[in-house]
Amino acid sequence: MKIDINTELRDFTYITSVYKCIANYNLKGHQIGRKIGDMLEILTMGAVCQNPQLVERLSTEEKLEGYTTAGHKVEFGFFNKDQNGRHLFGAIECKCVGVEETTSGKNGRHIRKITANESFEIEFSGRWQPAPVTFQLKVKEIIALNTVEVEIFANSTPEVRRTFLFNVGENIKVVIDEENHCLVTTAHGNMLEEIPTIIRTCKTIRLQSIVNETSVFALFDCLTGPQTIEKAKQASLVAMDLRKKVDGYWGKEEVPAGQKRMTFVHVICEFSHWEEKSRNVIKTCIDHNVIVPDAVIIKAFELFEEHFGAQMLDKISKKEFERNQNVRQAINDILTYYENRVFYDIDIKKYVKFSYSNHSLVVIPVV
C-alpha cells in the first residue's frame with residue numbers, strides 16, 4: 001500500500017490524525033505522547049536494520065561530539081572503522097512534536113461554574129474563518145454527585161446539537177474542521193470515526209467536579225506549533241556542528257562536490273504541527289528531512305495493540321526492538337505493508353530508504 005502524502009500536506013498547521021488516535025486510549029497525555037516518539041524511533045530502526053552494512057556501523061544513543069566540542073545525543077550514529085579508530089559519517093535524529101493543551105484563559109478564566117438550566121459559550125474566531133463560530137453548552141440536569149446531563153450546540157449550525165451524560169473527569173472535544181464545519185466528540189468515543197476530517201481548531205471541555213449543585217467545567221485550547229521552532233533550531237544546530245567537525249563546513253551547500261563525508265537525516269512525524277518558519281529552518285540546515293505519514297503511525301499503534309494488547313506501550317521502545325523478535329516482526333510487517341514507502345523526503349518529494357554507499361549514509365528513492 002502506498003500513501004498519497006498529499007492527502008496529509010497542507011499550507012497551514014492542523015491537528016494530526018495521530019492526536020485523534022491516541023485520544024482513543026484515554027491515557028495520560030505525556031505517557032502516550034512519549035510513545036509516539038518511541039514508535040517513530042523503532043520504525044526508523046526497522047528501516048535501518050534492512051541494510052546490513054548500516055547495521056554493522058550503527059551506534060544507538062551515543063553522544064556525538066561536534067566542532068564546538070559539544071556532545072549531541074542522537075538516536076542513530078554511523079561510524080566507519082580503520083586502524084586509526086572510528087570515523088563518524090552519518091546520523092539520524094527523530095523528532096516528534098505533539099499537541100499542546102493549555103488553559104483557555106489565564107488566572108482561572110478557563111473555569112466555568114454553572115447550575116442546572118444555565119449555559120456558557122465557547123467562541124472560535126480564527127483569522128482563516130469566514131465568520132466566528134460559537135458553541136453553547138447547557139447543563140440540563142444534575143443527575144448525581146458525579147454526573148450531569150448536558151446539551152451542546154453550535155449557534156451557526158442548528159443541526160449540530162447533542163445531548164448526553166457527562167461524568168466527572170471526562171472530557172469532550174469541540175472542533176472546527178478545515179471546511180469550517182462544527183463537530184463534537186463524545187467522552188470515550190472513537191475520535192478517528194467521529195472527526196474524519198482535518199481538525200483546524202480544537203478545544204477540550206472537561207467536567208472537573210460537581211459541588212453544591214454547581215457543575216465546574218475547565219476549558220483547554222489544543223495548540224500546534226509552539227515547540228517546533230525550538231526543535232528545528234536544535235536539530236539544525238546538531239547537523240551543522242557535526243558537519244563542521246567532519247567536513248569542515250557549517251552549511252550543507254558549502255561542502256565541495258565529491259568531498260562530503262557527513263550526512264544528517266532528520267525524521268519527523270506529525271508534520272502538520274510544524275509551522276512554515278520551522279520547516280524553512282530545517283530545509284536550510286539539514287541534509288535530509290523525511291516525514292512519516294500520520295497513517296503509518298496510526299497503523300503501527302493499531303498493530304501493536306492487536307499483537308500485544310494491554311502490554312503494547314511497554315513494547316514500543318528501542319530496547320524491546322533489539323531483544324524481542326515479536327516487536328521486530330511487528331515493525332517489519334508495517335514496513336512491508338507500506339512496501340517500504342514510509343519515509344517521505346520533503347525536498348526530493350519521494351519516498352526514500354536509508355542505505356550505505358561509498359563509505360557514506362545515503363538516502364535514495366524507493367523504486
Side-chain angles (χ1 to χ4, degrees), residues 1-3 17-18 21-22 24-25 27-28 30-64 73-81 86 89-96 98 192 265-270 290-344 351-357 361-364 366-367:
M1 178 179 179
K2 180 180 177 180
I3 296 170
S17 292
V18 175
C21 173
I22 65 172
N24 295 340
Y25 291 103
L27 297 170
K28 293 180 180 179
H30 70 276
Q31 180 186 14
I32 190 72
R34 186 171 61 247
K35 286 301 176 181
I36 297 173
D38 291 343
M39 184 68 83
L40 182 67
E41 290 182 10
I42 60 176
L43 282 168
T44 304
M45 195 167 188
V48 168
C49 288
Q50 290 183 329
N51 189 296
Q53 292 177 302
L54 285 178
V55 173
E56 65 184 42
R57 295 166 172 84
L58 171 65
S59 175
T60 60
E61 301 292 344
E62 182 170 341
K63 190 171 286 188
L64 309 179
K73 189 176 181 182
V74 301
E75 282 73 36
F76 308 102
F78 301 92
F79 295 84
N80 287 315
K81 301 176 183 178
R86 302 164 74 232
F89 67 87
I92 301 177
E93 184 166 21
C94 302
K95 281 282 186 290
C96 180
L192 281 168
V265 180
H266 187 210
V267 181
I268 313 167
C269 67
E270 297 193 89
V290 299
I291 57 178
V292 175
D294 294 349
V296 173
I297 298 293
I298 293 169
K299 179 71 173 179
F301 271 90
E302 291 173 346
L303 188 63
F304 268 64
E305 184 176 30
E306 177 185 330
H307 282 10
F308 306 113
Q311 305 300 315
M312 62 172 287
L313 294 186
D314 295 334
K315 303 302 180 184
I316 306 173
S317 74
K318 289 198 293 294
K319 286 185 178 179
E320 283 295 319
F321 180 92
E322 290 171 344
R323 68 190 179 192
N324 190 323
Q325 172 59 32
N326 292 330
V327 172
R328 291 195 297 276
Q329 186 60 54
I331 292 297
N332 288 334
D333 287 346
I334 295 163
L335 297 174
T336 300
Y337 180 79
Y338 290 107
E339 302 171 20
N340 289 316
R341 290 173 171 86
V342 169
F343 303 92
Y344 183 86
Y351 284 101
V352 296
K353 62 181 179 180
F354 311 124
S355 189
Y356 179 78
S357 176
L361 170 64
V362 294
V363 170
I364 58 177
V366 177
V367 178

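Note that these values count all heavy atoms, side chains included, but never hydrogens, waters or copies made by symmetry. Residue numbers start at 1 and run along the sequence shown.
- Crowding of Lys95 atom NZ: a count of heavy atoms from other residues, nucleotides or ligands under 6.0 Å exceeding 12.
- By the 4.5 Å heavy-atom criterion applied to side chains, Ile36 and Glu270 are counted as neighbours.
- Here the CZ atom belonging to Arg57 is positioned 9.0 Å from the CG atom belonging to Asn51, to the nearest 0.5 angstrom.
- Residues passing the ring-ring contact (aromatic ring centres under 6.0 Å, His included) test with Phe321: none are found, sequence neighbours excluded.
- Counting only heavy atoms from C-beta outward, the side chains of Phe308 and Ile316 never approach each other to under 4.5 Å.
- Ring geometry, Phe343 versus Phe354: the interplanar angle falls from 30° to 60°, so the pair is classed tilted.
- Side-chain contact check for Met1 versus Lys299: every heavy-atom pair is 4.5 Å or farther apart.
- From Ile334, atom CD1 reaches atom CD1 of Ile297 across 8.5 Å, with rounding to the nearest 0.5 Å.
- Considering every non-hydrogen atom in both Val362 and Ser357, the closest pair reads CG2-CB, 4.1 Å.
- Closest approach of Leu64 and Gly77 over heavy atoms only: CD1-CA, 4.5 Å.
- Ring-centre distance between Phe78 and Tyr356: not below the 6.0 Å cut-off.
- Every residue was checked against the ring-ring contact (aromatic ring centres under 6.0 Å, His included) condition with Tyr338, not counting sequence neighbours, and none meets it.
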Evaluate side-chain contact (heavy atoms from CB on, under 4.5 Å) for Ile331 paired with Phe304, printing each intermediate quantity in order.
CA-CA 9 Å; Ile331 292 297; Phe304 268 64; 3.9 Å; yes
Should Glu61 and Glu75 be marked as a side-chain contact (heavy atoms from CB on, under 4.5 Å) after you check the CA-CA gap, both sets of side-chain angles, and the distance that decides it?
-> CA-CA 5 Å; Glu61 301 292 344; Glu75 282 73 36; 4.1 Å; yes
Tabulate below the donor-acceptor pairs under 3.5 Å that side-chain atoms of residues 37-50 make, not counting sequence neighbours, or state none.
| from | atom 1 | to | atom 2 | distance (Å) |
| --- | --- | --- | --- | --- |
| Asp38 | OD2 | Lys35 | NZ | 3.4 |
| Glu41 | OE1 | Lys318 | NZ | 2.4 |
| Thr44 | OG1 | Leu40 | O | 2.8 |
| Gln50 | NE2 | Asn340 | OD1 | 2.9 |

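- Considering only residues two or more places apart in sequence or on other chains, Glu306 meets the side chain to side chain contact (heavy atoms under 4.5 Å, CB included) condition with Leu303.
- Listed by chain and number, the residues in a ring-ring contact (aromatic ring centres under 6.0 Å, His included) with Phe301 amount to none (sequence neighbours excluded).
- Taking CD of Gln53 as the reference point, atom CG of Leu58 lies at 13.5 Å (rounded to 0.5 Å).
- Between Cys269 and Val18, every side-chain heavy-atom pair lies at or beyond the 4.5 Å cut-off.
- Rounding to the nearest 0.5 angstrom, the gap separating the NZ atom in Lys315 from the CD atom in Glu320 is 4.5 Å.
- Remark: Glu339 pairs with Arg341 by the side chain to side chain contact (heavy atoms under 4.5 Å, CB included) rule, at least two apart or across chains.
- Here the OG-CD1 distance, from Ser355 to Ile364, works out to 4.5 Å after rounding to the nearest 0.5 Å.
- Looking at heavy atoms from C-beta onward, Tyr351 lies in side-chain contact with Ile3 at the 4.5 angstrom threshold.
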